[in-house]
Amino acid sequence: MTSNGRFGQIPDHWSPTHSLSDDYRREELIRLIEHSVKNLTLQELEALYYDMSTKNYINE
């Protein structure tokens, strides 16, 4: 799956008619990421947070 958009943003090629398989794949990726994040140490989470915030993937 390729995307020209930034993390957390709707890609340019997205449309209301996107397929259900796209929705399924998105949900599956979220589940995999959530599972992986739950197993990170505090130090790893802090590094991930720093990386994501400096790349503007996290907007508080």
Side-chain angles (χ1 to χ4, degrees):
M1 172 189 248
T2 60
S3 172
N4 295 331
R6 294 181 135 190
F7 180 82
Q9 295 179 344
I10 298 173
D12 294 335
H13 64 276
W14 186 88
S15 75
T17 60
H18 69 285
S19 72
L20 291 177
S21 63
D22 288 345
D23 288 338
Y24 176 81
R25 181 66 179 146
R26 183 179 189 283
E27 293 300 320
E28 183 63 21
L29 287 170
I30 289 170
R31 279 192 291 277
L32 289 169
I33 292 168
E34 286 176 341
H35 177 75
S36 297
V37 167
K38 288 178 183 178
N39 294 316
L40 295 178
T41 65
L42 177 59
Q43 204 170 24
E44 291 167 331
L45 283 169
E46 288 173 336
L48 178 61
Y49 174 82
Y50 177 79
D51 186 49
M52 292 178 73
S53 63
T54 59
K55 293 177 181 174
N56 292 322
Y57 295 157
I58 295 177
N59 299 315
E60 292 184 29

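Just the heavy atoms: all of them, side chains too, but no hydrogens, waters or symmetry mates, feed the values below.
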Surrounding CD of Glu28 (heavy atoms of other residues, nucleotides or ligands, distance under 6.0 Å), is the total greater than 12?
yes
Please say yes or no: joined through hydrophobic side-chain contacts below 4.5 Å, possibly via intermediate residues, are Leu45 and Tyr49 part of one cluster?
yes
Side-chain heavy atoms under 4.5 angstrom apart, residues restricted to Ile, Leu, Val, Met, Phe, Trp, Tyr: same cluster for Val37 and Leu42?
no
Listed once per pair and sorted, the salt bridge (Lys or Arg N to Asp or Glu O under 4.0 Å) pairs that draw on residues 34-48, sequence neighbours left out:
none
Counterpart residues, side-chain hydrogen bond (donor to acceptor under 3.5 Å, both in side chains), relative to Ser21 (two or more places apart):
Ser19
With sequence neighbours left out, write down each residue that passes side chain to side chain contact (heavy atoms under 4.5 Å, CB included) with Glu27, or none if nothing qualifies.
Ile30, Arg31
Are Tyr57 and Leu48 grouped together when hydrophobic residues (ILVMFWY) are joined by side-chain heavy atoms under 4.5 angstrom apart?
yes
